[in-house]
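Order of listing sets the numbers, starting from 1, for every ligand and every atom in it.
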Amino acid sequence: MKLLHIDSGITGGASVSRQVSAAVVDALKSANPTLEVTYRDLEAEPVPHLTGAGLGGLAESDPLAEFLAADVVVIGAPMYNFGIPSQLKAWFDRVLVAGKTFRYTENGPEGLAGGKRVIIASARGNIYANGAPNAGLDFHEPYLRTLFRFVGIPEIEVIRAEGVAFSPEHRANALKDAVAQAAALDGSLKVAA
Ligand SMILES: Cc1cc2nc3c(=O)[nH]c(=O)nc-3n(C[C@H](O)[C@H](O)[C@H](O)COP(=O)(O)O)c2cc1C
């Protein structure tokens, strides 16, 4: 079984999303010692922006091939300017490919990449979840859910560290809670039917 681990935060060792995504991968790896992990750091090695030439169906890009091969996908995804980092957007632009991960039919779009377990390690300065007053400003988590739904993955799991910009204590507590949630994850590599 294969796990694809992606990080997109730009704050290096201080990154909350990176620490949480690492904790998710550790938990799955200890439950499944033979799990094969591929790691992509989108800040260290950015995926080039999509270009007109890239749309022409040249060689299959690494992001697409790695995504298709993965049974489990773990993504460290900070909120930047209310959405996902542009590094992560560039990755999705290589993964949402007509005829590979989705197609259009007479009845509308159809996802082709179902059956993967997807876990997002989310980090946000403010608080948006669980009916927070700022929920309407969240173009991060609903967007991630939309992208995966579009390729045939109706449910994703999201571990959130929120309010990390409020104070050092908020940040430490949010990180601690998120890492604990990661450690307590069900180690199954299959998505629930
Ligand atoms: C460039 C940048 C933009 C940000 N934009 C937002 C934002 O729109 N909303 C928010 O709640 N937090 C925002 N933040 C705070 C981050 O979401 C928060 O610091 C989070 O921990 C970043 O993830 P990381 O620690 O993995 O880098 C921003 C941070 C940076 C560096």
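- Of the protein's heavy atoms, Tyr128 OH, 3.2 Å lies nearest to atom 10 (C) of ligand 1.
- Among residues at least two apart or in separate chains, there is no side-chain hydrogen bond (donor to acceptor under 3.5 Å, both in side chains) pair with a member in residues 177-187.
- Among Val95, Thr101, Ile153, the single residue meeting the side chain to side chain contact (heavy atoms under 4.5 Å, CB included) criterion with Phe148 is Ile153.
- When only non-hydrogen protein atoms are considered, atom 28 (C) of ligand 1 lies nearest to Met79 O, 3.5 Å.
- The backbone and the side chain of Val16 each have at least one atom closer than 4.0 Å to an atom of ligand 1 (non-hydrogen atoms only).
- Protein heavy atom at the shortest distance from atom 8 (O) of ligand 1 is Phe82 N, 2.8 Å.
- Interface atoms of ligand 1 facing Arg124, defined by a heavy-atom separation under 4.0 Å, are 17 (O).
- Atom 27 (O) of ligand 1 has Thr11 OG1, 2.6 Å as its closest protein atom, hydrogens excluded (heavy atom only).
- The closest side-chain heavy-atom distance from Asp41 to Glu45 is not below 4.5 Å.
- Enclosure of atom CD in Glu110 by more than 12 non-hydrogen atoms of other residues, nucleotides or ligands within 6.0 angstrom is indicated.
- At the shortest separation from atom 15 (C) of ligand 1 among protein heavy atoms lies Gly125 N, 3.6 Å.
- Taking atom 21 (O) of ligand 1 as the reference point, the nearest protein heavy-atom neighbour is Val164 CG2, 3.3 Å.
- Here the heavy atom of the protein found nearest to atom 5 (N) of ligand 1 is Asn81 N, 2.8 Å.
- Atoms of ligand 1 found under 4.0 Å from any heavy atom of Asn126 (numbered from 1 in listed order, with element): 10 (C), 11 (O).
- Two residues are said to be in side-chain contact when any heavy atoms from C-beta on lie closer than 4.5 Å; Thr38 and Lys2 fail this criterion.
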Kindly indicate, with the supporting measurements, whether the criterion salt bridge (Lys or Arg N to Asp or Glu O under 4.0 Å) is fulfilled by Arg124 and Asp138. CA-CA 10 Å; Arg124 309 169 327 161; Asp138 184 359; 3.0 Å; yes
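- Considering only non-hydrogen atoms, atom 20 (C) of ligand 1 lies nearest to Ala123 out of Ala123, Ala121, Ser15.
- Heavy-atom contacts from other residues, nucleotides or ligands closer than 6.0 Å to NZ of Lys29 number more than 12.
- In terms of protein heavy-atom proximity, atom 29 (C) of ligand 1 is closest to Tyr80 CD2, 3.7 Å.
- Considering both main-chain and side-chain atoms, Pro78 never comes within under 3.5 Å of ligand 1 through any nitrogen or oxygen pair.
- Geometric assessment of Lys116 against the ring of Phe67 yields a positive cation-pi assignment under the 6.0 Å and 45° thresholds.
- Under the side-chain contact (heavy atoms from CB on, under 4.5 Å) criterion, Ile10 pairs with Glu43, Tyr80, Gln87, not counting sequence neighbours.
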